[in-house]
2 protein chains.
Amino acid sequence: MADIESQIKILKDLIPKFLPGHSVDCVIFGYEDKELKVLLLNWKQMDIWALPGGFIFKDESMDDAAQRVLEERTGLSSIFLKQFHTFGKIQRSDHSQQEHHKKIMALMKPSKQDRKIVIDWFDHRFITTGYFALTDIRKATPRPDFLSEKCEWKSVSELPELIIDHAEIIQQAMHQLKIQLNYLPIGISLLPEKFTMIDLQKLYEAILGRPLERSNFQRKILKLGFLDRHEKLMSGAANKAPYLYSFNSTKYEELLEEGIGFRY
Amino acid sequence: MADIESQIKILKDLIPKFLPGHSVDCVIFGYEDKELKVLLLNWKQMDIWALPGGFIFKDESMDDAAQRVLEERTGLSSIFLKQFHTFGKIQRSDHSQQEHHKKIMALMKPSKQDRKIVIDWFDHRFITTGYFALTDIRKATPRPDFLSEKCEWKSVSELPELIIDHAEIIQQAMHQLKIQLNYLPIGISLLPEKFTMIDLQKLYEAILGRPLERSNFQRKILKLGFLDRHEKLMSGAANKAPYLYSFNSTKYEELLEEGIGFRY
DNA sequence: GCAAAAGTGTTCTCTATACACCCATGG
DNA sequence: CCATGGGTGTATAGAGAACACTTTTGC
């Protein structure tokens with residue numbers, strides 16, 4: 001596996017350029033099949049998952065580092081991205097993490113010195129800042145990093161086993177999403193260009209975790225006036241065809257300043 | 001000034017025990033004379049102010065570090081304290097900071113080596129996590145740290161000149177205070193045991209930055225039912241005496257879970 | 001009695017919510 | 001025509017804002 005080995009060499013050279021002790025982790029949200037999803041990485045040689053994360057270069061702001069991680073994993077730039085919490089407990093490492101690093105190290109034969117640098121780097125304590133991102137799942141192209149085998153969207157309602165405190169980080173991100181719902185460009189970030197009213201409602205329901213009344217939702221949203229109505233969507237089903245809508249981003253952004261009202 | 005010199009020696013020995021690159025800063029709020037105040041430190045030899053802050057020991061959680069800073073500067077423990085944002089721009093240092101360190105160094109004659117360790121420590125890049133605290137100003141006893149001359153409560157409406165990005169940190173803290181108002185134990189933390197309805201109203205007004213209608217405020221708060229009514233406060237003024245109230249903390253905490261409703 | 005501030009009542013509007021009803025579509 | 005789901009109407013309850021009115025206090 002010369003591939004990993006060369007990656008380790010690259011990493012060894014990068015390590016001195018990173019800020020020690022601090023990392024960023026991204027909770028990248030997408031929306032598909034009426035479910036809220038997050039992008040997760042599957043670690044090589046282990047059946048355990050992790051959030052996409054990375055380190056901060058000494059000459060790079062923390063926000064830029066998060067942006068870089070997001071871009072590397074999804075190919076997307078200029079996406080809504082916001083920090084939500086910094087995790088600073090002492091025990092931010094666990095058995096599975098150490099086991100993983102051992103297995104990775106076993107796969108390669110770098111020089112003793114390189115090996116030591118890399119192991120030491122991963123073994124010391126990190127404080128991590130969590131960011132959440134809102135993406136259109138159809139536009140993203142998930143790409144694993146060198147530590148990982150797979151990079152996949154996983155439904156937040158059935159998350160796989162996650163390393164260290166990453167389950168907690170996702171929980172926190174979802175809570176913040178709920179809390180800040182009225183001030184976030186939920187719809188415009190997570191939905192495709194055109195969508196039906198039910199699509200939008202289901203998205204809100206997925207985030208809020210509770211059902212909303214159909215007719216009232218429709219009236220409320222339309223009254224806010226940030227949607228443009230387009231042609232009807234003929235689904236082929238034996239029922240009335242819904243209109244397609246798109247966001248009038250000017251009006252939408254104006255309204256977001258004040259907050260679009262849904263209590264949680 | 002052997003005093004500073006011995007402090008520098010202590011600091012030099014502590015530095016290896018700190019996590020490099022990360023600090024905490026506390027925006028400690030108090031309420032007095034109908035004004036929201038924050039506790040600030042005045043740096044020795046300079047007419048510039050700073051937030052109380054500190055570093056994190058390698059075997060200490062970030063929350064504990066913030067708690068320690070709060071306790072060292074106010075003597076208060078078990079106070080409401082919560083992180084609100086992490087500041088990770090590259091240029092988190094400025095001219096006034098460097099000037100200050102030079103002046104401090106000039107005051108003392110430590111060994112060249114000690115001096116280098118301390119200067120290097122302060123000169124490298126820090127990411128800082130901001131915490132805000134809510135305190136009863138009457139119970140706190142402000143104490144300067146060794147870099148500072150004075151430690152005083154300053155009204156948020158007329159802040160003095162602050163180092164680096166500390167003005168921005170306070171702005172952010174105030175914004176979070178406003179946003180989270182309905183979920184924070186504002187009253188019980190910032191007011192004395194007993195207070196009048198107007199006291200509580202003025203506190204809310206100070207945080208929200210806008211006037212509230214007296215009679216409606218009274219009705220709304222009383223209807224929520226977390227206040228116990230006590231004797232009247234005879235002020236000696238030629239007007240009707242207001243009742244004194246205190247928080248029924250059980251009910252208050254129950255309600256805070258759901259949020260006590262004031263739109264901002 | 002008068003001024004000032006506290007406490008209570010009334011009215012109006014706006015929103016949320018529930019639910020009824022009509023409309024479009026394809027089988 | 002019927003089942004299904006979209007779109008609109010309506011009725012009611014509660015919250016919020018504005019403001020009038022009453023009560024208490026010290027001069």
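Chain letters run A, B, ... following the sequence lines, proteins first, then strands; residues in each count from 1.
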Are OP1 or OP2 of D:dA15 and a side-chain N or O of B:K220 less than 4.0 angstrom apart? no
Expressed as a whole number of angstroms, how long is the span from A:M197:CE to C:dA24:P? 18 Å
Starting at the 5' end of DNA chain D, which residue's closest nucleotide do you reach first, B:N239 or A:R229? A:R229
Without decimals, in angstroms, what is the distance between A:D199 CG and D:dG7 P? 11 Å
Donor-acceptor contacts under 3.5 Å from residues 184-200 of chain A side chains, at least two apart:
{"residue": "A:S189", "atom": "OG", "partner": "A:P185", "partner atom": "O", "Å": "2.8"}
{"residue": "A:T196", "atom": "OG1", "partner": "A:D199", "partner atom": "N", "Å": "3.3"}
{"residue": "A:T196", "atom": "OG1", "partner": "A:D199", "partner atom": "OD2", "Å": "3.1"}
{"residue": "A:D199", "atom": "OD2", "partner": "A:T196", "partner atom": "N", "Å": "3.0"}

B:L212 CG to D:dC19 P: how many Å, rounded? 16 Å
Of the listed nucleotides (C:dG7, D:dT25, D:dG7), which one gets closest to any side-chain atom of B:A241? D:dT25
Without decimals, in angstroms, what is the distance between B:I221 CD1 and C:dT8 C1'? 17 Å
Polar atom pairs (N or O), protein with nucleotides 19-23 of chain C, under 3.5 Å:
{"residue": "C:dC19", "atom": "N4", "partner": "A:S215", "partner atom": "OG", "Å": "2.4"}

Test: A:K202 and A:E205 ion pair at under 4.0 Å: yes
For B:T250, check side chain to side chain contact (heavy atoms under 4.5 Å, CB included) against everything at least two apart and list the hits. B:N248, B:E254
Under the side chain to side chain donor-acceptor pair (under 3.5 Å) test, which residues partner A:T141, sequence neighbours left out? none
Mind calculating the distance between CG (B:L244) and P (C:dA6) to the nearest angstrom? 12 Å
note: B:L222, atom CG; C:dA6, atom C1'; distance rounded to Å ~ 12 Å
Residues in side chain to side chain donor-acceptor pair (under 3.5 Å) with A:Q176, at least two apart? A:Q180
Aromatic contact between B:F217 and B:Y204, with the criterion being ring centroids under 6.0 Å apart: yes or no? yes
Should A:K223 be listed as having a side-chain N or O under 4.0 Å from OP1 or OP2 of C:dT15? yes
Counting just side-chain N and O atoms, does A:Q218 come under 4.0 Å of either OP1 or OP2 of D:dT8? yes
Rounded to whole Å, how long is the line connecting atom CD1 of B:I198 with atom C1' of D:dT25? 16 Å
Sorted by chain and number, sequence neighbours left out, ring-ring contact (aromatic ring centres under 6.0 Å, His included) with A:Y252 holds for A:F226, A:F247
Between C1' on C:dT15 and CZ on A:F217, what's the gap in Å once rounded to a whole number? 16 Å
